[in-house]
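Please read the structure below before turning to the comments.
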Amino acid sequence: MTDPADAGGLDRLIAERRAKADALRERGVDPFPATYEGRRDIGDARELGEPLPPGEGSDESLRIAGRVVARRGQGKMAFLDVEDHTGRIQLWARANQIGQESMAALLDLDLGDIVGAEGPVARTRRGELSLDLRGFTLLAKALRPPPDKHHGLKDPETRYRQRYLDLMADEEVRGVFRARAAAIAAIRRFLDGRGFVEVETPSLQPLYGGAAARPFVTHHNALDRDLYLRIAPELYLKRCVVGGLDRVYELGKNFRNEGVSYKHNPEFTSLETYEAYADYRDVAAMTETMVAAAAEAATGGTTVRFRDQEIELAPPWTRLDLRESLEQASGIDVRELPEAAALRDAMRAKGYEAADTATWPQLVDGLLSSALEPDLVQPTFLLDYPVELSPFAKRRPDDPAVVERFEAFAGGMEIANAFTELNDPDDQRARFAALVAEREAGDEEAPPPDPDFLAALEYGMPPTGGLGVGIDRLVMLMTDRTSIREVVLFPAMRSEASDGRDPG
RNA sequence: GGGCCGUUAGCUCAGCUGGUAGAGCAGGGGACUUUUAAUCCCAAGGUCGCAGGUUCGAUCCCUGCACGGCCCA
């Protein structure tokens with residue numbers, strides 16, 4: 001009973017694999033050797049063998065390495081499929097070519113093992129491009145079995161908790177994260193090409209701000225002070241502009257202590273850019289061009305399929321006035337109802353949810369989310385927001401109740417937020433005061449005032465256009481994933497159920 | 001937060017409104033020198049998410065809990 005080899009299930013499978021590793025060690029073979037010299041990509045081997053006709057092989061040997069993902073045949077001949085990041089190739093092994101002992105060792109390999117293999121590239125009589133195996137080396141023994149070779153890994157919980165298995169089992173999933181990297185790289189190229197400087201500002205902040213959200217709080221022992229994980233880098237990036245870094249951007253994680261949903265993860269990736277002497281209309285033009293470039297890099301084109309709809313990301317995007325669009329969609333002119341109570345009644349009369357405790361800005365935001373956002377499938381800029389919703393945006397010169405701000409939507413999601421930045425320190429101080437009042441009225445998401453940020457503005461910040469982009473949502477759009485968990489490698493999960501099952 | 005659904009072998013899934021569970025793949029033994037989800041033979045593998053309840057008897061019915069998915073807020 002104590003010998004796991006007598007047990008069933010996973011323990012037995014692990015024991016069998018361990019026994020093979022131990023047997024190798026006894027023969028003086030390290031099942032986890034450090035190097036494999038002279039390895040080429042499988043893609044290179046395939047390219048080399050491409051011209052070969054069936055039944056012929058190349059003259060020279062080469063070495064490849066990868067994971068054993070399939071196996072066919074036994075006895076005196078065997079075929080093993082090996083996969084690396086450039087592709088898959090069949091190993092064609094014959095006892096009379098590699099010897100009895102080597103053949104026995106080859107048949108001891110398990111699915112999931114990492115091997116190095118050497119031989120000429122050859123095409124079998126059936127036409128399959130292969131490595132005509134002359135020698136191989138176990139490079140890493142897999143002590144646990146991989147997911148099912150045909151059905152892959154379906155259980156969403158396991159896919160997220162053990163993403164390495166999901167990646168291992170599903171090339172398409174690997175493709176999502178390659179597309180993500182390509183989009184981000186394209187954004188960097190785009191901004192670098194326009195003279196933006198990439199900067200890194202604090203993730204651990206003494207004061208948080210730049211967005212409406214509850215923060216994570218942590219403690220620095222040596223400094224003996226509480227610090228907040230940033231909810232946005234905005235106020236630091238504007239300090240950079242004050243200092244003369246006229247075009248800056250930061251790509252990185254923000255942290256918001258709120259619930260998870262198909263479009264919310266507590267840590268998420270954002271891009272923020274600030275450009276001196278630009279306004280929000282310049283920023284809109286840059287945004288549509290940049291997103292199209294990212295889509296091109298990630299997908300090869302600017303038209304993407306998302307939730308069975310075609311979305312054209314190439315410029316120009318539709319530009320709509322927020323107030324007019326809201327009125328058209330909901331029949332409510334929020335500007336005519338400047339009191340929370342009146343707006344709440346109007347919303348309820350039209351069948352929209354409106355919480356008793358919601359402030360006026362929260363109600364407008366809620367109306368936007370339910371009446372307008374879901375229908376904004378093609379990329380759309382909503383322009384000119386009420387000042388109450390936008391504590392860091394500059395008022396329109398012709399209408400001080402409205403700020404120069406847009407949010408960009410696509411696929412029914414908000415993907416970007418931008419404004420002409422408020423650079424009048426006195427107005428900014430008044431906006432902070434309004435936030436304090438909102439906080440006292442019960443809005444826990446209203447951020448606190450930041451005196452040093454006000455001081456920075458008092459030194460003079462040029463007129464500036466700023467932008468924030470939700471990178472995860474952008475990637476969702478470009479890869480047709482309907483949940484943020486599909487585009488974040490290791491999404492936030494609850495603690496696992498403690499029922500004694502082995503998580504790995 | 002609410003509603004619906006799910007949790008059975010390492011993986012993918014069956015399991016007939018109650019009688020102590022099956023398949024394919026993977027793994028083990030055997031056969032096989034051109035396979036492509038190789039094929040054939042043999043044997044093995046289970047705390048049916050967890051805890052209660054009802055019942056002579058529960059994977060199945062009921063309650064609670066945990067985790068997850070979808071929808072709504």
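Just so it is clear, the values below take in all heavy atoms, side chains as well, and ignore hydrogens, waters and symmetry mates. Just so it is clear, the model here is predicted, and its values are computed rather than measured.
Considering only side-chain atoms of F79(A), the nucleotide from U36(B), U34(B), U12(B) that sits closest is U34(B). The side chain of H150(A) approaches A37(B) more closely than any other nucleotide in the set U34(B), A37(B), C11(B). Of all nucleotides listed (U34(B), C67(B), G10(B)), C67(B) comes nearest to the side chain of R161(A). Side-chain atoms of M77(A) lie closest to U33(B) of the nucleotides A44(B), G10(B), U33(B). Closest to the side chain of K76(A), out of A38(B), C32(B), G28(B), is C32(B). With distances taken from any side-chain atom of R12(A) to the nucleotides A26(B), G28(B), G24(B), the minimum falls on G28(B).
A 3.5 Å limit on both hydrogen-bonding distances identifies G53(B) as the Watson-Crick or G-U partner of C61(B). Summarising the base pairing, C32(B) is matched to no nucleotide, lacking a Watson-Crick or G-U wobble pair whose two defining distances lie under 3.5 Å. With both pairing distances under 3.5 Å, A21(B) is matched to nothing as a Watson-Crick or G-U wobble pair.
In this structure, R319(A) fails the cation-pi test against W317(A), since its NZ or CZ atom is not both closer than 6.0 Å to the six-membered ring centre and inside 45 degrees of the ring normal.
Residues meeting the salt bridge (charged side-chain N to carboxylate O under 4.0 Å, His left out) test with K350(A), sequence neighbours left out: none. Annotation: salt bridge (charged side-chain N to carboxylate O under 4.0 Å, His left out) contacts of E60(A) (sequence neighbours excluded): none. Partners of R344(A) according to the salt bridge (charged side-chain N to carboxylate O under 4.0 Å, His left out) rule, which considers only residues two or more places apart in sequence or in another chain, do not exist here.
A sub-4.0 Å separation between OP1 or OP2 of U7(B) and a side-chain N or O of K154(A) is absent. Distances shown here put every side-chain N or O of R71(A) at or beyond 4.0 Å from the OP1 or OP2 atom of U36(B). One finds a side-chain N or O of K20(A) lying less than 4.0 angstrom from the OP1 or OP2 phosphate oxygen of G28(B).
Applying side-chain contact (heavy atoms from CB on, under 4.5 Å) to R17(A) and the options R144(A), R12(A), K141(A) leaves one that passes, K141(A).
Spacing of P atoms, G53(B) relative to C41(B), comes out at 47 Å, to the nearest Å. With P as the reference atom, U63(B) and G3(B) are 13 Å apart, rounded to whole Å.
A donor and an acceptor atom sit less than 3.5 Å apart, one in the side chain of D148(A) and one in the base of G24(B).
As judged by a 4.0 angstrom heavy-atom cut-off over every strand, G259(A) is placed among residues making no nucleic acid contact. Among the protein residues, N96(A) comes within range of the nucleic acid bases, having at least one heavy atom under 4.0 Å from a base atom. Counting non-hydrogen atoms under 4.0 angstrom, L165(A) reaches nothing in the nucleic acid. No contact: R17(A) has no heavy atom under 4.0 Å from any strand. Nucleic acid contact class of R494(A) (heavy atoms, under 4.0 Å, all strands): sugar-phosphate only.
Nucleotide U36(B) is shown with an anti base, its glycosidic torsion being more than 90° from 0.
Looking at every heavy atom in both residues, A358(A) comes nearest to Q362(A) through CA-OE1, 3.4 Å.
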N/O donor to acceptor pairs below 3.5 angstrom from side-chain atoms of residues 329-340 of chain A, sequence neighbours left out:
| residue | atom | partner | partner atom | Å |
| --- | --- | --- | --- | --- |
| S330(A) | OG | L326(A) | O | 2.7 |
| S330(A) | OG | I332(A) | N | 3.1 |
| D333(A) | OD1 | R323(A) | NE | 3.0 |
| D333(A) | OD1 | R335(A) | N | 3.1 |
| D333(A) | OD2 | R323(A) | NE | 3.4 |
| D333(A) | OD2 | R323(A) | NH2 | 3.0 |
| R335(A) | NH1 | D399(A) | OD2 | 2.6 |
| R335(A) | NH2 | D399(A) | OD1 | 2.9 |
| R335(A) | NH2 | D399(A) | OD2 | 3.3 |

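Identified under the salt bridge (charged side-chain N to carboxylate O under 4.0 Å, His left out) test for residues 409-418 of chain A, with sequence neighbours left out: none.
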List, with names and distances, any nitrogen or oxygen atoms from the protein found under 3.5 Å away from nitrogen or oxygen atoms belonging to nucleotides 69-73 of chain B.
| residue | atom | partner | partner atom | Å |
| --- | --- | --- | --- | --- |
| G69(B) | OP1 | R485(A) | NH1 | 2.4 |
| G69(B) | OP2 | R485(A) | NH1 | 3.2 |

